[in-house]
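To find a chain, count down the sequence lines: A is the first, B the second, and so on, and within it residues start at 1.
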Amino acid sequence: MAVVTRAVKGTHDLLRETLAYHRTVVEATRRWAEAAGAEEIATPIFEHTEVFERGVGPTSDIVQKEMFTFSDRGGRSLTLRPEGTAGVVRAYLEHGMKVWPQPVRLWYAGPMFRAERPQKGRQRQFHQTGYEAIGAAEPEVDAEAVALSWRILTDLGLSRMRLKLGSVGDAEDRERYNAYLRERLNPHAEQLSEDSRRRLETNPMRILDSKAEADRRLLEALKLRPMLDFLGEAARTHFEAVQARLRALGVPFELDPTIVRGLDYYVRTSWEIHHELLGAQSALGGGGRYDGLSELLGGPPAPGVGWALGVERVAIAMEAEGLSPAPAPGLDLYIVPLEPALVPRALEVAAAFWPELRAQYALKARKPGKGLQEAEKKGARFAGLLGPDEAAAGTLTVKNLKTGEQRTLRPEEVKEWIRGGKA
RNA sequence: GUGAGCGUAGCUCAGCUGGUUAGAGCACCGGUCUGUGGAACCGGGGGUCGUGGGUUCAAGUCCCAUCGCUCACCCCA
């Protein structure tokens, strides 16, 4: 197929059922986030590259090899957003949201971009919904965020999920842990994969996440202590409080000491929600606390916690569990002119019903039988026949396609009948 | 970036060891059907068989290359 008739690799048009799934996920996020007092925010889909370099972290895979970065005409480096949090925190700083009542709770939905090789559940343009609570360090907010991300997914009907909870500690805890890992792993460096040898320098914790066979065997043999053993007093107390709040809220989680987020800004609480039927990319969503992010972006201290859900992955999971999205509302009324001369009249009649009724009309005269068939095919609830008699009387013969009930009515009465049937 | 599988109509696919103008179902348009539908039947439009090269009297079919898609690695939502 010619280049101009094909979407770019890793991007997709969303239509019909796919779009219905997306809408369903976004609406569930809206409902739950707004129930918790969050308001919606929409940030630009591109930012100054530094927002992500400094926010997401220079050693992260996202920044090192997955960003769509380009220069504008003035030579400024811009990047299509690979995730939502950095931009939201940038907006928090830019608009002085620190003077709003704290914490500021925000939710969003939109496209994200990462230059990866596409596979199931992974695209170059994908969509996330997300939630951020900025300006509070209390463990209640962590539990609130985790609970929301979990309940949205269960509310969508999903059940084959596991919520993995961990803590990556505070920055100094991680330094101690990384030092420990280097000490234990360095003597065996030659047994590590190439990537992991590099991580030994840049970010040893990421090695724990490695799925390379050699790495797995070595990690198994060394019986390394988990990050959770290295939590400082403050981080440990915080983590225990988060767990207690989650138990009180009835959110089922399992502790996962290996959880290591791919973004450098995370501290303390960190979680991922996985789905059993998903394939290699099994995370439906994830989140964590990012108390240092504001300062990385040059702002004052502003603790925060948030999460994101991968809309495409949630859709795949829903489909795998046999869950259907809410269908888009169809036509209320399909108007059929019975003679060619009445086509313009059909337009006028349909237009008079807008926007109270979803009304469409046929551009060609139809025999009544054909017209009803066509209305059925269009997914309309009612068909309206417009023949010479109706035209002369200023009426429309309207038929309920489901019940077969039929009435000849004036436009106002048509509106009333059809809308009445809705309620 | 690496590996594997797959590319025939809008969709799902058939095309046997190479053999006359490339097929089906669904969908779309029209008719049978002159004011009452969902059916049935009949007909129609729609393909440079991903692309380029090669082998051959002859290529959708065999060979090479290339592009695309998918899945997996890596990593993540």
Considering every strand and a 4.0 Å limit on heavy-atom distances, what is the contact class for [X]: base, sugar-phosphate, or nothing?
{"X": "His275(A)", "result": "nothing"}
{"X": "Gly387(A)", "result": "base"}
{"X": "Leu338(A)", "result": "base"}
{"X": "Gly121(A)", "result": "base"}
{"X": "Glu374(A)", "result": "nothing"}
{"X": "Pro82(A)", "result": "nothing"}
{"X": "Gln64(A)", "result": "nothing"}
{"X": "Glu339(A)", "result": "nothing"}

Do [Y] and [X] meet the salt-bridge criterion of a basic N to acidic O distance under 4.0 Å?
{"X": "Arg160(A)", "Y": "Glu321(A)", "answer": "no"}
{"X": "Glu39(A)", "Y": "Arg105(A)", "answer": "no"}
{"X": "Arg31(A)", "Y": "Glu27(A)", "answer": "no"}
{"X": "Glu405(A)", "Y": "Lys399(A)", "answer": "no"}
{"X": "Arg81(A)", "Y": "Glu83(A)", "answer": "no"}
{"X": "Glu140(A)", "Y": "Arg245(A)", "answer": "yes"}

Exercise. Take His127(A) and Gly10(A), find for each the nucleotide of RNA chain B with the closest heavy atom, and name the residue whose nucleotide sits nearer the 5' end.
Key: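 Whichever sits nearer the 5' end wins; that is Gly10(A).
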Quiz item: Of Leu278(A) and Ile273(A), whose closest RNA chain B nucleotide lies nearer the 5' terminus?
Solution: Leu278(A)
Ignoring hydrogens and angles, are the base of [N] and the side chain of [X] linked by a donor-acceptor pair under 3.5 Å?
{"X": "Gln119(A)", "N": "C74(B)", "answer": "yes"}
{"X": "Arg6(A)", "N": "C69(B)", "answer": "no"}
{"X": "Arg114(A)", "N": "A77(B)", "answer": "yes"}
{"X": "Arg366(A)", "N": "C33(B)", "answer": "no"}

Looking at [X], I'd like to know whether one of its side-chain N or O atoms comes within less than 4.0 Å of OP1 or OP2 on [N].
{"X": "Lys367(A)", "N": "U32(B)", "answer": "yes"}
{"X": "Lys120(A)", "N": "C71(B)", "answer": "no"}
{"X": "Arg117(A)", "N": "A4(B)", "answer": "no"}
{"X": "Gln281(A)", "N": "C76(B)", "answer": "no"}

Quiz item: Do you know which of Arg358(A), Glu356(A), Arg381(A) makes side chain to side chain contact (heavy atoms under 4.5 Å, CB included) with Ile418(A)?
Solution: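 Checked Arg358(A), Glu356(A), Arg381(A) against Ile418(A); only one passes side chain to side chain contact (heavy atoms under 4.5 Å, CB included): Arg381(A).
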Quiz item: Which one of Thr49(A), Val51(A), Val56(A) satisfies the side chain to side chain contact (heavy atoms under 4.5 Å, CB included) criterion with Glu53(A)?
Solution: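 Only match with Glu53(A) under side chain to side chain contact (heavy atoms under 4.5 Å, CB included): Thr49(A).
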If pairing requires Watson-Crick or G-U wobble contacts with both distances under 3.5 Å, which nucleotide is the partner of [N]?
{"N": "U70(B)", "answer": "A4(B)"}
{"N": "U34(B)", "answer": "none"}
{"N": "A65(B)", "answer": "U51(B)"}
{"N": "U17(B)", "answer": "none"}
{"N": "G45(B)", "answer": "none"}
{"N": "A22(B)", "answer": "none"}

For atom [atom1] of [X] and atom [atom2] of [N], their distance in whole Å:
{"X": "Asp61(A)", "N": "A77(B)", "atom1": "CG", "atom2": "C1'", "result": "14 Å"}
{"X": "Glu116(A)", "N": "C73(B)", "atom1": "CD", "atom2": "P", "result": "12 Å"}
{"X": "Lys377(A)", "N": "A27(B)", "atom1": "NZ", "atom2": "P", "result": "8 Å"}

Exercise. If the plane angle is over 60° it's perpendicular, under 30° parallel, otherwise tilted; pick one for Phe230(A) and Tyr177(A).
Key: tilted
Quiz item: Looking at residues 20-43 of chain A, who's got a heavy atom less than 4.0 Å off RNA chain B?
Solution: none
Exercise. List in numerical order all residues of residues 393-413 of chain A for which some heavy atom is under 4.0 Å away from an atom belonging to RNA chain B.
Key: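 By residue number: Thr397(A), Lys399(A), Leu401(A), Gly404(A), Gln406(A).
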Quiz item: Does the gap between the ring centers of Trp307(A) and Tyr131(A) come in under 6.0 Å?
Solution: yes
Quiz item: With ring centroids as reference points, do Phe382(A) and Trp417(A) lie under 6.0 angstrom apart?
Solution: yes
Practice problem: Quote, to the nearest angstrom, the C1' distance that separates A14(B) from G52(B). | Solution: 27 Å
